[in-house]
Colleague: 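The structure is given below, and queries will be raised subsequently.
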Amino acid sequence: MSSEKVLSSASASASASAPLASPHAELCRGINGLDKVVLRDPRGSSAEVYLYGAHVTSWKNDHGEELLFVSSKAIFKPPKAIRGGIPICFPQFSNVGSLEQHGFARNRLWTIDTDPPPFSTTSSSKTFVDLILKPSEEDMKIWAHSFEFRLRVALGPGGDLLLTSRIRNTSVDGKPFSFTFAYHTYFSVSDISEVRVEGLETLDYLDNLQNRERFTEQGDAITFESEVDKIYLSTPTKIAILDHEKKRTFVLRKDGLPDAVVWNPWDKKAKAMVDFGDEEYKHMLCVEAAAVEKPITLKAGEEWKGRQELSAVPSSYCSGQLDPQKVLHGS
Ligand code: TA6
């Protein structure tokens with residue numbers, strides 16, 4: 001598919017000029033003139049979402065500190081996916097199927113959703129943007145299914161970042177479809193060798209570095225000293241990522257996404273990626289709320305919801321200020 005078709009500036013601006021429902025959302029031009037929406041919560045936190053891929057590329061706390069990793073070599077030019085932030089993998093995770101790696105949602109132009117159906121639960125956030133993706137004729141040639149993918153990106157009262165996906169099968173001929181999915185989140189960390197992940201101990205996982213063979217994780221927190229590419233199965237709904245040096249813990253809460261992928265390319269893969277700096281593997285970790293092991297199947301008219309909530313809390317495992325067990329098992 002040629003990028004011009006996807007990104008003719010006229011159509012992009014037109015679709016992007018729809019009014020934004022939130023007073024704290026602003027549409028503007030980002031890198032290479034791509035449209036993005038900037039969310040600024042009155043309490044200080046902020047986020048940025050590109051319409052290209054409905055891709056969150058920034059999430060900052062109320063001190064203006066960036067919490068997501070985006071590579072200094074990231075390419076903001078279709079059809080390449082942006083390296084970093086939160087790419088959305090749909091309708092296929094990784095190469096689990098016949099489509100391109102991680103599906104096509106991350107390299108399509110989304111539009112502002114001017115008429116989203118109400119949410120079942122009232123969200124307290126006044127800082128949000130709604131985006132929508134529907135398949136183009138081209139998409140139907142590679143994945144012949146009618147769908148509406150609605151994504152709400154919101155900033156919560158405490159500066160939490162909430163992503164809520166609603167995917168509906170809009171087929172008129174009653175055809176069901178199945179898909180796999182991931183929020184491929186790149187967390188910014190101070191030093192990967194000082195990071196621990198809590199909440200995945202003793203779980204089964206598929207090792208992408210060993211032909212997706214199934215293993216069982218050992219009992220302690222996960223730490224990093226080499227390339228990791230694992231799909232943890234049926235995980236708890238809360239996972240904690242402790243950055244000791246930054247005295248910060250990311251808490252990932254997820255709904256409708258049973259699995260979690262943990263990825264760090266380490267040095268060799270880092271060198272092999274054109275849009276990734278050789279040393280950048282030291283400052284990022286992907287922990288991805290996902291549905292991989294059991295594809296989600298939607299009958300015609302059915303809708304699936306997948307939600308991820310990210311919080312960044314000051315912490316230090318050693319200082320006992322925040323015991324990950326309390327995080328994972330507490331309120
Ligand atoms: O989520 C982990 C993974 O599937 C890895 O296998 C690695 O390929 C990574 O995603 C990045 O994929 P990308 O297509 O963005 O280069």
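All residue numbers in this chain count up from 1 along the given sequence. Numbering of ligands and ligand atoms starts at 1, following listing order.
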Colleague: Fit a plane to each ring of Phe104 and Phe90, take the angle between them on a 0 to 90° scale, and name the class: parallel (under 30°), tilted (30 to 60°) or perpendicular (over 60°).
Modeller: perpendicular
Colleague: Suppose I only count heavy atoms of Phe93 and a 4.0 Å limit; which atoms of ligand 1 are within that range?
Modeller: 1 (O), 4 (O)
Colleague: Asp113 and salt bridge (charged side-chain N to carboxylate O under 4.0 Å, His left out): which partner among Arg150, Arg152, Lys134, Arg166?
Modeller: Arg150
Colleague: Could you label the plane-to-plane angle of the Tyr205 and Tyr232 rings as parallel, tilted or perpendicular, counting under 30° as parallel and over 60° as perpendicular?
Modeller: tilted
Colleague: Within the structure, does Trp263 bring an N/O atom to less than 3.5 angstrom of an N/O atom in ligand 1?
Modeller: no
Colleague: Mark the output for Arg83 as yes if a heavy-atom distance to ligand 1 is under 4.0 Å, and as no if none is.
Modeller: yes
Colleague: Give the atom numbers and elements of ligand 1 that come within less than 4.0 Å of a heavy atom of Glu288.
Modeller: 1 (O), 2 (C)
Colleague: For atom 8 (O) of ligand 1, what is the closest protein heavy atom, and at what distance to 0.1 Å?
Modeller: Gln101 NE2, 3.2 Å
Colleague: Taking the inter-plane angle between the rings of His184 and His102 on a 0 to 90° scale, is it parallel (under 30°), tilted (30 to 60°) or perpendicular (over 60°)?
Modeller: perpendicular
Colleague: Which of the numbered atoms in ligand 1 are below 4.0 angstrom from a heavy atom of Asp229?
Modeller: 2 (C), 5 (C), 6 (O)
Colleague: Compute the minimum heavy-atom distance from Lys80 to ligand 1 and say whether it is under 4.0 Å.
Modeller: no
Colleague: Under the ring-ring contact (aromatic ring centres under 6.0 Å, His included) test against Phe69, which residue among Trp59, Tyr281, Phe276 passes?
Modeller: Phe276
Colleague: Please determine whether a side-chain nitrogen of the Lys or Arg among Asp204 and Arg214 lies less than 4.0 Å from a carboxylate oxygen of the Asp or Glu.
Modeller: yes
Colleague: Check each atom of ligand 1 against the heavy atoms of Arg106 and keep those under 4.0 Å away; list them by number with element.
Modeller: 13 (P), 14 (O), 15 (O)
Colleague: Can you pull out the closest protein heavy atom to atom 3 (C) of ligand 1? Residue, atom name and distance to 0.1 Å, please.
Modeller: His102 NE2, 3.8 Å
Colleague: Given the side-chain rings of Phe177 and Trp143, with only the six-membered ring counted for Trp, is the space between their centroids under 6.0 Å?
Modeller: yes
